[in-house]
Structures are given as structure tokens and as C-alpha cells.
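All remarks here apply to the structure that follows.
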Number of protein chains: 2
Amino acid sequence: MLGLSQTTVSRALNGYPEVSEKTRARVVQAAEAHAYSPNTRAQGLATGHSKCIGHVISVSDSAEMVNPIFGDFMAGAGETYSAHGYDMMVTRVGAQDEADTYRSLKARGAVDGIVVHAPRRNDPRLELLDKIGLPYVVHGRSTGIKAPYSWLDVNNTRAFSEATSYLASLGHSRIALINGQETMDFAIRRRSGYESSLRFAGLSIDTALMSTGEMTEAYGYTQANAMLDLLHPPTAFLAASIICAAGIRRALDERGLRVGQDVSIATFDDCLSYFGNGGDTPVFTAWQSSVRAAGAALAQMLIDRIRAPHAPHITKLWEAEFVSGASTGPAPGTSKD
Amino acid sequence: MLGLSQTTVSRALNGYPEVSEKTRARVVQAAEAHAYSPNTRAQGLATGHSKCIGHVISVSDSAEMVNPIFGDFMAGAGETYSAHGYDMMVTRVGAQDEADTYRSLKARGAVDGIVVHAPRRNDPRLELLDKIGLPYVVHGRSTGIKAPYSWLDVNNTRAFSEATSYLASLGHSRIALINGQETMDFAIRRRSGYESSLRFAGLSIDTALMSTGEMTEAYGYTQANAMLDLLHPPTAFLAASIICAAGIRRALDERGLRVGQDVSIATFDDCLSYFGNGGDTPVFTAWQSSVRAAGAALAQMLIDRIRAPHAPHITKLWEAEFVSGASTGPAPGTSKD
DNA sequence: CACATTTGTCAAAGCGCTTTGGATGTCGTG
DNA sequence: CACGACATCCAAAGCGCTTTGACAAATGTG
């Protein structure tokens, strides 16, 4: 020590005004010299805050699938957290003991708040979190929940409605939807956007052209193949993620169908860092929204919420940005006037 | 309370023998009824252990790239952690303040141990962690480090050597290597396996056929295109990841080259859950090793290490498994005898 | 110069647990 | 019946911090 009391040191480091600048400087310097950082747990015990945010990722038991957007989302969120001195805790959980996990996170005081991922319709987690008093923000929305909550979502309905209209305007009348799992709220929204635009364009809604499943490359491939084998195959695909789209593209390539000419592909794009859709002419015509940016923004919303738990809820609806790529073109047989 | 002292409750819950089974049952039941879990921080303070493992992911400042294997690795590790009552903390960090992050993690007592990702050659992190006394295990290896340490790695040298020999045996003499960033130890090993097999097969080593970079789809596409424009283009590609391979495939498709006939692709495959290479005939001929299994195994190694910090170091060298897919075939012009 | 303020510092309590060192009660044995 | 040996349980200390309430020193005021 340097002849000061614990109190003074604590105050000096935490920026309280009751300490002279001269002493503060001494303390700070000594702390750096000895690589001292206050023990997180002790600090947490004393203050009641853990300065830690929880992310619960449910690994669906069925497919053992890890959401590919996870890494990028975390990278975005992590930036915000570290800027505010928060740590980030990840808990993996199977679907059945979800509730227990949240309860335990709260009871153990492990986190100050959590981010709810992949909300379902009427997601019971929101009510649970409200009940146990754990602050949260939702990545997406949960239709059916009446109580207000904080969320950030992409306007999925509009993006898929626009995409469908876009394809229809190119003359496509058989437009397939390769959707994500329709237990997820966003997937339901995407489908409804798709269907409403089909109706608006006077096109029939054919369940044979709609599929739902986990957004893997193989899924895109399999579904595309199955649909291309139909009597009246689609001339355009609308994919829920760029990874699915890659699978669809593989199916087309394999059959010798030219992407953007014989068959079109449009997709939603989360701007994953390892699967960019950039370049002068993007590979895919896409509606894109950075999941990384969403992570950063949600982290900020949650931190604000933890600071002011009774502030009104904040909601953000981001619009996906349209990029025209090489994967779409007029429907075959359409006259180019 | 139920008329018992704190001591007894603590002992009952933590399975100490000095408490009668009857009382223990009462305590456990009451704890469950009231959803009581001991406060993690207080427990940590008292015991000196945080029951938390750190994962530091460096987001390379240049490309803001998130390693696509991250999610699957975490899913695997998370399984092991939760089975042992450990939490998992993720810290995102830019390359420059790496050392500070590790130091702070230790000083703050935030974690009991950490997993070192993406080791480089002579990685300074290992020495640092030894110095500050934070237990760790390494996913991969760091050539040049003389002190022993615990690691789990895939035999990258052999996998790429085998892959190169395999392609050579199919008659390919211009084999391109689309490698990961050669600041990473594993990428260096892969290259050396590739080069040694080229030499062994009597093939020339052409730097025009070797590239290094971040393993994105776009990178695979760009590099493949560049190489196919060469005067003497490659007839086979060896890719560092299935995501790169997808990019290479796209370049081939776009040029009307048939994969596995006109040009072959072999790749390393981390068995990512969203980019499976399964099916009756796998898409790609690949050398595969599950990164998820690696996560689970490393987590176990680290937990063991934390329990017995002075036990001899454990090292595991996994062999990648060969799967024959549709993406490779005899070099064009080779007689099929 | 005496008094009221303000400034800078400190001792001690408390956060929720684990753990040490008893204390109490029960039982078996000579 | 007395004594030691167990089996159960408990009170209190301590983990490393923050924070409350006091106090001493420095400053301002009439």
C-alpha cells in the first residue's frame, strides 16, 4: 500500500469526487504499476451488479444446429460491452431446461441482463424474465406478447414482401420460399410478407413452393432440388439466408441451370463476415441488414436498460437494404422490352 | 430459513458428509422450492474460484473477420462446461491489447482458466499466461514454444500432405493451395504438408498457385478466378475450409467448368453445423475433423488442468478423416485405365 | 481570532457465501 | 455410570471490495 486507506483507493479508482486529484493520480499510477484490477467478484458482491451480460444460445436438440449468425452478433455486441466495461457470458442450453437456465442466471446473480435470441411466437421467455426481474432486450420480436418490451428487429415482413414483388415484377410467377424454421417469429413474418405480395401480384400461393427448416447450405440444396423436380418448378427462389442461397445455387449449377437467367435467386443477407455478398456486382440480389450492427445496437440498448430499468421500452425496426446482384433476372420466356 | 444455520445449509448443498441425509433432503427440497441458487460471486469470493472459463476472440482489426468456426466450437465447449457447472465468458479483443485482456482477466479473478484460440507461431500469449499463472489449453499448436503446454490439434500437416498426394495420384500436376492466413500456425503446417507432398510427387512448387488469406467465401472465389486466369491454370484446388471451397466452386461454376471433372476441389472440413458436407456422396472430397468435438475435448482438458494445475501437460493430435466426395476426379487428359 | 464550512481521509459495516474450530447431543463400552 | 468417540450442528471469521458515517485538517467568514 501507499499509506492510504482502502476507502480512498476505492474512491480514487472509481472516480468519486471526495478525493484530491493528487492522491487520485498517485493511486492510479500505483495500480497500473502493479497491474491491479479490482476483483470482479468482490466488486460485484459489494455493489450488487455483476457487470456481465448473458447470452443464452439454445442448441436445438434435434439438429444440434448452431446459428451461423452467432459469431458475428457476438462480435458486434462484444464491442459495445467492452467499451462499457461489461463482460459477456454465454450459456448453451437445450430447449427443455431453458426456463431453469434463466432462473439460475438470475438467482446466482451471474448477469445483470440478457439478450433473448431467436424469439418464437408468444415466447414464454419474455414473461418469465419479467417475472423474475431480469432486464432483457430481444433480438427480433415475439408476436402475441402484449406486455411492452425492448426489441430490435429487421422489418422482415417488408423485406420479403419487397423481394417477392421484385421477383414478380421480373415476370416470375412460380416463386419459391426457402424459409427458416417457422417456429421462429421472424420466419413467420417473412412468410406473411411473401404471401401478401403473391396475393397482391395475383399469383397463387402454392405450398409445394414453400419450405421451412434450419438454414443450412444442405437444406437450401435439398429443397431446391425437390422443388425443381416438380411438374411446375419455380423459376425464382427466395431464400432466408445467404447460406441457404448458396445451397440453392449449388443445386442450380449442378443441373446446368444458369443463375439469374434460367432461375433467379433472391435472399436475405445478414452480412456475415465470412460470407460476404459484396463486390461490384453482388453475387446475390439481396435484402441485407448487418447482424453485427444489430448486436452492437442491442448491447447498447440493454446497457441503457440496466442503468434505467424503469425507462420506457425502446424498439427499433430496421429496414433491410436492397442490393441488386447477379442472381436475378427476368423470368425465362418473358420478353425484354 | 428452516431453523438451520448457514453452515449446515452450505454443507448440505455442497455434499459434505457432516450433515445427516435427512437434513440434507430438507435443505435441498427447500432450495428447489424457493428456486435458490447460491450467489456465484459470493461463492467465488469465498472459494477463490470463479467457476468460469474465458474465451478470448481476437477480431482482426484489419478485416473485422469473425472466425466461422467460433459458434460450433463454443457449442461443443459449452456442453462440457455446463456438465461441470462452469460458466463461459467471451471477451472480444483487438489484436493490440491482447496482453492486457489476459492480464485483466487474471487480476480481476474473472476466470479460472482460458482457451487460447488461433495460436500463431511463437505465440507470445502462452508465455504470458504461464507468467501470470492462468491455466490454459490451446486449440492448435504454437511452433517455437519450448515450454510444455496442453494442446489439442488436428494433424494438419498430414491432412494436407495426404490431400496433395491424393490429388497428385489422380494425375493432377498443377495443384493450387488456397490457404488460411499464414500468421496462424495451422496454416503454416498445412502449407508444409502440401509442399512436401508436391516434392515427393516430383511436382514443382509454384508460388503462383499458393495463396493465403482470411477464409471467406469471397476469398476462395477471388483466388480461384485469379489462378484460373493464369497461363497454366491449376486443375485441382486444395482449400483450407469448406467455406473457401464453396467460393472456389462458385468460380468454377461461373466459368462453366465442371467440378470433379474439369477441375477438382479437395478441402479441409471443420464439420460446421450449418455447412454440412454429408449425404451419400459428400459434395466435397474432404479431410474432416469436428471443431465442435474439439471444443468439447478442450473444455474437458482445461477443467482437468484447473483441478490439477501441476499434472503433466496433455496433448492430443487428432487425425482428420478422409471422405471421398464428388468434387475430385482424374486430371483432364489422364487416361482412365 | 473564533466559529462554521468545506475538503480529504479513514474505520468499520456489510455484500452472501465457505470454512475453521468448537459446542452439543447420542451412543457404545468397560 | 462415567468416559471417550461419533454424529450433527453452529457461531464467527474471512474472501476483497463499496459505502456509510465520523473525523481531522484546511479554508472561509464576520
Discussion item. Angle between the end axes of the helix from dC1(C)-dG30(D) to dG30(C)-dC1(D), five pairs per end, to the nearest 10 degrees?
Written reply: 50°
Worksheet item: Is a donor on one side and an acceptor on the other found under 3.5 Å between the side chain of T91(A) and the backbone of V56(A)?
Response: no
Worksheet entry | Euclidean distance, atom CG of residue D112(A) to atom P of dC15(C) [Å, nearest integer] | 18 Å
Worksheet item: Quick one: salt bridge (Lys or Arg N to Asp or Glu O under 4.0 Å) partners of E98(B), sequence neighbours excluded?
Response: R120(B), R125(B)
Fill in: Interatomic distance, Q43(B) CD vs dT18(C) P [rounded to whole Å]
5 Å
Item to complete: Please report, rounded to the nearest Å, how far the P atom of dG16(C) is from the NZ atom of K51(B).
Response: 22 Å
Worksheet item: Between atom NE2 in H49(A) and atom P in dT18(D), what is the gap in whole Å?
Response: 12 Å
Discussion item. If you compare every side-chain N and O of N39(B) against the phosphate oxygens of dC15(C) (OP1, OP2), does one of them come in below 4.0 Å?
Written reply: no
Item to complete: Not counting sequence neighbours, which residues clear salt bridge (Lys or Arg N to Asp or Glu O under 4.0 Å) with D153(B)? List them please.
Response: R141(B)
Discussion item. For a quick check, with a 4.0 angstrom heavy-atom cut-off, what is the B/S/- contact string for nucleotides 6-14 of chain C, read 5' to 3'?
Written reply: --SBBBB-B
Output side-chain donor-acceptor pairs under 3.5 Å for residues 31-39 of chain B, partner residues at least two apart or in another chain, one line each.
| from | atom 1 | to | atom 2 | distance (Å) |
| --- | --- | --- | --- | --- |
| H34(B) | ND1 | A30(B) | O | 3.0 |
| N39(B) | OD1 | R41(B) | N | 2.8 |
| N39(B) | OD1 | A42(B) | N | 3.0 |

Worksheet item: Of all the nucleotides listed (dT19(D), dC17(C), dT18(C)), which has the minimum atom distance to the side chain of N14(B)?
Response: dT18(C)
Worksheet item: Ring centres of F73(A) and H117(A) under 6.0 Å apart?
Response: yes
Item to complete: Examine distances only and state if a side-chain atom of D72(B) and a backbone atom of S273(B) form a donor-acceptor pair shorter than 3.5 Å.
Response: yes
Worksheet item: Between dT18(D) atom C1' and R41(B) atom CZ, what is the distance in whole Å?
Response: 13 Å
Discussion item. Can you measure L13(A) atom CG to dC17(D) atom P for me and round it to whole angstrom units?
Written reply: 10 Å
Item to complete: For D185(A) and T143(A), indicate whether the former's side chain and the latter's backbone hold a donor-acceptor pair under 3.5 Å.
Response: yes
Discussion item. If the condition is salt bridge (Lys or Arg N to Asp or Glu O under 4.0 Å), which residues does R307(B) pass it with, not counting sequence neighbours?
Written reply: none
Worksheet item: Got more than 12 heavy atoms from elsewhere within 6.0 Å of CD, E127(A)?
Response: no
Worksheet item: Taking the nucleotide of DNA chain D with the closest heavy atom to each, which residue, A42(B) or R24(B), is nearer the 5' end?
Response: R24(B)
